[in-house]
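Every value quoted in this text rests on a predicted model; they were computed, and no experiment measured them.
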Amino acid sequence: MPILDQIDPIAVSLGPLKVHWYGVMYLLGFAVAWWLGARRARAGRLPGVNEAGFSDLMFYTMLGVVLGGRIGYMLFYGFADLIRDPLSLFRVWEGGMSFHGGLLGVLAAVAWWSRKHRLHFFDTVDFIAPLVPAGLGFGRIGNYIGGELWGKPTAGTAFDGWGVVFPRALPEPFASMDPAALKAQFDSGVLNSFARHPSQLYQATLEGLVLFCVLVWYSRRPRPRYAVSGLFALLYGWFRFLVEFVREPDAQLGYLAFGWLTMGQLLSTPLILLGLFWLWKSRSSPTLEPESR
């Protein structure tokens, strides 16, 4: 049986203040990254940097995530809207964040911070890479709770019968029904043909849980420069490329080529190639040894 996604996107309401689950997921992702990063910093995995320096790094990377994610989304997915209404860039409450834009924002923040602390850029990137998947995983769970970025229909495929019905993806008159009426329609089986892949959960599993476990395990001991960054780029790019086959393309863009290539796949291809290059380059690169504390 399909599942009806009717989770309230608001986690807590305090008078006029409403805390959305998406925001909570971002905070959880940052909290896990901060906890893991602080442990690695105390273990001397970033020589010459104390906890205060690490806190400084986390502040700038979080700023890079938010600014880069929003700017990237508007450039990659909403450029026409940005040209028509430049102020739409600042209406973050309307949604719209891009991982690839956020990644560029983080890399810019890391480059600035590394220069300030006289560290090799990729030593810092290797340190940061295992901290990122937690935020990716929690962010995708936030997408699922918010009923956005859903997958393609499962009806008539090998996955028929176990998809998810997302109210925001339904046509009229179902899209305008109140939750109780929509639930009644779902219970009657009328909405089964509108079930879709929960691609957000696929991404949360692959880009979040699996990538987190692999990178934490791989970086448990010092690796040559570029190795951890390369593994992150390769696996994320590959996971994202695969999931895009069952994820609904952005309505304003559709398929870019061949009747199947999406913007997500186009942006992930350079990551796959860079990951392979960095892993190859790591074979002849030095290893940053932990600082004794």
Those residues that, when tested against Q200, pass side chain to side chain donor-acceptor pair (under 3.5 Å) (two or more places apart) | none

Would you call the rings of F127 and F54 parallel, tilted or perpendicular if under 30° counts as parallel and over 60° as perpendicular?
-> perpendicular

Is any side-chain heavy atom of P167 less than 4.5 Å from a side-chain heavy atom of L182?
-> yes

When you check the side-chain N and O atoms of T269 and Q265, is any donor under 3.5 Å from an acceptor?
-> no

Could you tell me whether the side chain of L209 reaches within less than 4.5 Å of the side chain of C213, counting heavy atoms only?
-> yes

Does some side-chain heavy atom of R168 sit less than 4.5 Å from a side-chain heavy atom of F166?
-> no

List for me each residue that meets side chain to side chain donor-acceptor pair (under 3.5 Å) alongside E248, sequence neighbours excluded, and say none if there are none.
-> R196

Inspect the contact between K116 and D56 and indicate whether a charged nitrogen and a carboxylate oxygen are less than 4.0 angstrom apart.
-> yes

Listed pairs under 3.5 Å, donor-acceptor, residues 275-285 side chains, sequence neighbours left out:
{"unit_1": "S282", "atom_1": "OG", "unit_2": "L279", "atom_2": "O", "d": "2.6"}
{"unit_1": "S284", "atom_1": "OG", "unit_2": "K281", "atom_2": "O", "d": "3.4"}
{"unit_1": "S285", "atom_1": "OG", "unit_2": "K281", "atom_2": "O", "d": "2.8"}

For the residue pair Y236 and R240, confirm or rule out a side-chain donor-acceptor distance under 3.5 Å.
-> yes

Between G237 and S268 the two heavy atoms that sit nearest each other are O-CB, 3.7 Å

Between Y202 and W162, how do the two ring planes meet: parallel, tilted or perpendicular, split at 30° and 60°?
-> tilted

Tell me, please, which residues at least two apart from R223 pass side chain to side chain donor-acceptor pair (under 3.5 Å).
-> none

Which value, rounded to the nearest 0.5 Å, describes the distance between E244 atom CD and L267 atom CG?
-> 9.0 Å

Side-chain contact, heavy-atom cut-off 4.5 Å: Y226 with V125?
-> no

Would you check if the side chain of S199 reaches a backbone N or O of R247 as a donor-acceptor pair within less than 3.5 Å?
-> no

Please confirm whether F174 and F194 have ring centers closer than 6.0 angstrom.
-> yes

Identify the heavy atoms of V210 and L206 that sit nearest to each other, and give their distance.
-> CB-O, 3.5 Å

Does some side-chain heavy atom of L57 sit less than 4.5 Å from a side-chain heavy atom of I128?
-> yes

Find out whether I141 and I145 are in side-chain contact, i.e. whether some heavy atom of one side chain is under 4.5 Å from a heavy atom of the other.
-> yes

State whether the side chain of R140 and the backbone N or O of G137 hold a donor-acceptor pair below 3.5 Å, judged by distance alone.
-> no

Please state whether the rings of F245 and F241 are parallel, tilted or perpendicular, taking 30° and 60° as the class boundaries.
-> perpendicular

Pairs where residues 122-132 contributes a residue and the test side chain to side chain donor-acceptor pair (under 3.5 Å) is met, not counting sequence neighbours | S114-T124, D123-R225, D126-S229

Which atom of L215 lies closest to which atom of A129, heavy atoms considered = CD1-O, 3.7 Å

Enumerate donor-acceptor pairs with a distance under 3.5 Å from any side-chain N or O in residues 17-40 to protein atoms, sequence neighbours excluded.
{"unit_1": "W21", "atom_1": "NE1", "unit_2": "D8", "atom_2": "O", "d": "3.3"}
{"unit_1": "R40", "atom_1": "NH1", "unit_2": "S219", "atom_2": "OG", "d": "3.2"}

Which pair of non-hydrogen atoms, one from R45 and one from L288, has the smallest distance, and what is that distance?
-> O-CD2, 4.0 Å

Hey, is the main chain of P173 close enough, under 3.5 Å, to the side chain of S176 for a donor-acceptor pair?
-> no

